[in-house]
Every structure is written in structure tokens, then in C-alpha cells.
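Computed from a predicted model, the values in this text were never measured in an experiment. Just the heavy atoms: all of them, side chains too, but no hydrogens, waters or symmetry mates, feed the values below.
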Amino acid sequence: MEQTKYLVVGSSHAALEAVTAIRMHDPEGSLTLLTRDPHLPYSPTVLPYVVSGRSAADGIFLRDEKFFADNRVQLKRGTALKSLHTGRNAAELADGSEIAYEKLLLATGASPAIPPIPGIDTVSYHVLRTLDDATKLNAAIKSSKQAVVLGAGLVGMHAAENLVKVGAGVTVVEMAKQLTDGYFDTVAAGLIEKAFTDNGATILTGSRVVKLAPSDIGVTLTLENGTTLEADLLLVATGVKPNMDFLANEAVDHDRGILVSDSMQTSVANVWAAGDCAQAKGFFTDSPVMNAILPSATEQGRIAGMAMAGDPGLKSYAGGVPLNTYHFFGRHAISVGSSRVPEGGEMVTRFDEASGRYLKAIFSADNRLTGIYGVNEFFDGGVMCQLILRRVDLSAVRERFLAEPMKVGREIMSRMWR
């Protein structure tokens with residue numbers, strides 16, 4: 001049986017940060033990175049730009065072969081993890097072979113969650129989670145005349161915009177009462193929706209598809225209210241689910257994701273998890289939450305790698321803070337932190353309907369930022385996240401901060417980082 005000191009399963013941000021952290025403290029220990037993807041590592045966040053053609057499929061890789069060679073990492077591409085046998089520290093692969101490990105990181109990411117709509121197994125549809133998905137969708141979009149997107153999250157809305165721009169008729173169907181639900185509030189969602197409808201798209205919120213069936217042009221969709229839609233291209237973008245099927249017969253504790261401690265350790269002593277498959281502490285609650293965003297994946301991967309290598313500089317995970325950015329039709333929206341106003345706290349908003357500029361900031365009772373949201377307002381999401389994580393007192397600069405959040409936020413952080 002093949003053996004390795006460190007086995008990292010996955011190849012995106014969490015996995016790569018863990019590899020770097022391990023090598024910073026242990027440059028010699030044998031390290032194997034296993035990924036079911038046939039390609040070199042890439043970020044799922046860049047896939048919408050592959051779909052649109054702004055990014056070439058062969059130019060998006062996060063690391064090249066030289067990186068793995070220089071860092072003495074054995075990279076196994078196109079190899080899926082089938083099951084774990086933690087009792088004997090072995091990972092069984094899809095081809096039946098096994099790898100024995102001393103320490104294991106599960107950074108397996110997530111896959112599209114396919115809704116159980118009657119007839120979905122009888123029609124052709126696209127998803128968007130891998131590079132191969134993106135190249136297929138890029139090719140299909142070019143010839144589409146009438147498309148339907150199921151789901152109005154960021155993945156679905158990116159694809160819908162690309163379809164609009166090639167001249168297709170586009171209908172977005174979303175069960176929630178607003179689009180981008182869970183990312184932006186009703187005001188921001190209204191501004192995003194107007195941009196789409198102004199460009200010819202149809203947005204059907206509060207709508208549910210109850211049946212799918214093949215048709216002459218592709219797919220017939222039947223909505224709960226009896227309306228039918230025809231599409232030559234159907235994109236299912238109704239969310240994701242963590243990849244953890246390999247835990248079916250395992251003692252690794254999991255809920256919606258793989259449950260981890262503040263050092264990303266699972267319930268098994270020599271197994272860690274990070275990224276979109278991990279359910280870790282939230283910043284605004286001690287309860288474990290799913291926070292499938294790039295900054296959290298990066299931080300969790302770094303912490304897991306340091307813990308695996310025994311790095312004495314390890315610091316506990318502070319908790320996940322939601323951070324989402326979205327660019328649409330030359331405009332942008334950003335959300336950072338919690339939308340809930342804490343007890344004794346305050347929400348401050350400003351909205352210029354003519355220009356479409358909108359800002360909402362939420363403060364605790366002692367003037368510490370807990371959330372900030374904007375459309376066509378300029379501020380640095382990473383800086384805002386740090387202001388929240390560090391619980392910075394903004395009492396002395398609050399009015400200036402509200403007037404110029406980017407400038408004042410950067411001023412504060414430049415002093416704190418010195």
C-alpha cells in the first residue's frame with residue numbers, strides 16, 4: 001500500500017493553503033494531494049468568467065506542475081476518494097487502491113445540489129461547479145435562443161447575464177421572494193433585478209418548478225401556478241452540497257458539513273477538514289455554520305495545515321464572516337457580515353434611487369461594525385471583514401466612515417497592520 005505522512009484531498013483554495021502551511025513548518029515530510037478533478041488546481045470563483053469567455057480555460061490555474069515538484073508534493077489528478085478507513089488510517093480510492101496516511105485533510109469542496117423535480121432525470125441540463133462544466137456551458141450559451149435558469153443565487157445570475165449578452169431570451173426562476181436571497185437585502189435585490197429586466201431578462205421570484213419534460217427545442221418546465229416555459233438551455237443553479245459521501249460508514253462526525261473544531265480538527269484525532277465541505281464555528285454564533293466562501297476556505301486551509309504540521313504559531317479560527325461580491329452589467333454589489341441588528345445596535349442606510357447607489361451599515365450598541373452592504377458603493381470587503389473580526393471601535397470616526405467607507409476603512413487598517 002502507498003504511504004504518505006500528509007494526505008490532502010482536494011485541490012482548491014483550502015487544500016493549497018494547507019499545503020503551503022505544512023511546507024512552511026515541515027519541508028521534508030511526504031505529502032500527497034489527491035483530487036478527482038483532471039485539471040491543475042483552479043478556483044470555482046473564476047468559472048463564470050470562463051463561461052463568459054473573459055478568461056481562457058487554460059489560463060486560470062492557481063498552481064502549475066513546477067509548484068508541486070518544487071514543494072515535493074505528489075499530485076494525483078483525476079483520482080476520487082471512495083471511502084475512508086480511519087481505524088487503520090487508510091483512504092480507499094475509486095480505482096480500489098489505497099493510500100495509508102499519518103494525517104489527513106478533507107478539503108473536498110461541494111457539488112451542485114440537484115432538486116428532486118419530477119422529470120429532471122428525463123431532460124438535459126447544465127450545472128456550474130467544475131472547469132469542464134464551464135467550458136460546456138460556454139459552448140452551449142453561444143447557440144441558445146431561449147434559456148431558463150433555475151436559481152437566482154450568484155452562480156445562476158452570472159450565467160443569466162452571459163445569456164442575456166449573447167441575445168438569448170432568459171427567464172430566471174427562483175423559489176424565494178427575491179433574487180440573491182441570502183446574499184443581499186430587498187433593496188439591493190431590487191436594484192439587481194431592475195438591471196436584469198432593463199436588459200430584457202424575465203425574473204420569476206416566488207415561483208416553483210413542479211415538472212420537467214423533454215420538448216422539441218429542449219425542455220418544457222411547468223410552474224406551480226400552471227405556467228409553462230420552453231427552453232433550449234436549462235441551467236440548474238439551486239445551490240451546492242458538501243462532498244462527503246465517502247463518510248457513509250465512518251465515525252467522522254458530520255451534519256450539513258464535516259464538523260470541525262477551531263483548529264479544523266474533526267472528531268477523529270488525525271483527520272482535519274476545511275473549505276466548502278467543513279462546518280465550522282460562525283463569528284456571530286458559537287454554533288457551527290456552513291460559510292462556503294473563498295476567504296473562509298483560505299483561512300481554514302491555512303489553520304488546518306499549521307495544525308497538521310504542529311506549527312507553534314497556530315491560532316484558533318475566529319469564526320466565519322459572510323463576504324460576497326457580485327458584478328453585474330457594469331455595476332457591483334457587496335455584502336459583509338451579519339444582516340441582523342444586534343440588541344441595542346443601529347442600522348444606517350442611504351439610497352440614491354437616481355444613481356442606484358445604496359449603502360447599509362449595521363453597528364452594535366458600542367459602535368462596532370457587524371455588517372455592511374452596498375450597491376455601487378466602493379469599499380474593501382477584506383478590510384470590512386477585518387473591522388468586524390477585530391471588533392474595532394468606530395465611535396470616533398463613524399460619520400466619516402459612513403461617508404467614505406473605503407477611505408476610512410483603509411486608514412484604520414493601515415494603522416492596525418503597522
Side-chain angles (χ1 to χ4, degrees), residues 153-154 176-192 239 255-257 259-263 278-293 295-296 299-300 303 315-326 333-352 357-413 415-416:
L154 299 188
K177 293 181 180 180
Q178 66 166 68
L179 50 74
T180 61
D181 189 45
Y183 300 99
F184 303 106
D185 66 9
T186 54
V187 176
L191 292 170
I192 296 168
D255 180 27
R256 289 181 296 146
L259 293 165
V260 295
S261 70
D262 293 351
S263 63
Q279 190 173 349
K281 179 178 72 176
F283 180 74
F284 299 101
T285 173
D286 288 333
S287 301
V289 300
M290 302 299 297
N291 194 33
I293 60 172
S296 287
E299 178 69 1
Q300 290 176 7
I303 289 171
K315 293 183 179 179
S316 295
Y317 184 55
V321 173
L323 191 165
N324 293 282
T325 59
Y326 174 44
I334 184 168
S335 65
V336 187
S338 172
S339 60
R340 185 182 68 85
V341 179
E343 184 176 354
E346 182 183 6
M347 178 174 67
V348 180
T349 63
R350 69 163 181 262
F351 178 33
D352 182 347
R357 293 186 67 179
Y358 171 61
L359 179 74
K360 177 172 77 175
I362 301 169
F363 299 92
S364 65
D366 54 357
N367 282 309
R368 299 172 200 277
L369 186 69
T370 60
I372 185 165
Y373 300 76
V375 177
N376 291 334
E377 284 282 349
F378 294 94
F379 55 83
D380 188 315
V383 167
M384 297 301 137
C385 190
Q386 286 299 313
L387 293 178
I388 292 170
L389 283 167
R390 298 178 185 219
R391 295 183 169 92
V392 176
D393 184 354
L394 298 176
S395 300
V397 296
R398 192 174 117 155
E399 294 310 312
R400 277 208 315 126
F401 174 80
L402 288 169
E404 299 180 286
M406 175 175 279
K407 178 181 178 181
V408 177
R410 287 180 172 176
E411 285 177 3
I412 295 169
M413 291 312 301
R415 291 196 298 269
M416 295 182 67

Enumerate the residue pairs fulfilling side-chain hydrogen bond (donor to acceptor under 3.5 Å, both in side chains) with a member in residues 399-409, sequence neighbours excluded, ordered by first and then second residue.
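side-chain hydrogen bond (donor to acceptor under 3.5 Å, both in side chains) check on residues 399-409 returns R400-E411.
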Any donor-acceptor pair under 3.5 Å from [X] side chain to [Y] backbone:
X	Y	answer
R350	L402	yes
S364	R368	yes
Y373	G337	yes
S335	F184	no

Give the intermediate values and the outcome of side-chain contact (heavy atoms from CB on, under 4.5 Å) for residues V187 and V375.
CA-CA 9 Å; V187 176; V375 177; over 6 Å; no
Over all heavy atoms of both residues, which pair between [X] and [Y] is shortest? Give the atoms and the distance, please.
X	Y	value
A280	V260	CB-CG2, 3.6 Å
L369	I388	O-CG1, 3.4 Å
M416	V392	SD-CG2, 3.7 Å
S296	N291	OG-ND2, 2.7 Å

Please report the interatomic distance CD1(I293) to SG(C385), rounded to the nearest 0.5 Å.
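Between atom CD1 of I293 and atom SG of C385 there are 7.0 Å.
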As an exercise, state the distance from OG1 of T186 to CG of L191, rounded to the nearest 0.5 Å.
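So the OG1 of T186 and the CG of L191 are separated by 10.0 Å.
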Full working for side-chain contact (heavy atoms from CB on, under 4.5 Å) between F283 and R391:
CA-CA 11 Å; F283 180 74; R391 295 183 169 92; 3.6 Å; yes
So is R398 actually on top of F363's ring, under 6.0 Å and inside 45° of the axis?
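Yes - R398 lies over the ring of F363, closer than 6.0 Å to its centre and within 45° of its axis.
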Verdict with supporting geometry, I362 and E346, side-chain contact (heavy atoms from CB on, under 4.5 Å)
CA-CA 6 Å; I362 301 169; E346 182 183 6; over 6 Å; no
What's the verdict on side-chain contact (heavy atoms from CB on, under 4.5 Å) for L359 and I372, showing C-alpha distance, side-chain angles and the deciding distance?
CA-CA 7 Å; L359 179 74; I372 185 165; 4.0 Å; yes
Residue pair Y317 / E299, side-chain donor-acceptor N/O under 3.5 Å:
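E299 and Y317 do not have a side-chain donor-acceptor pair below 3.5 Å.
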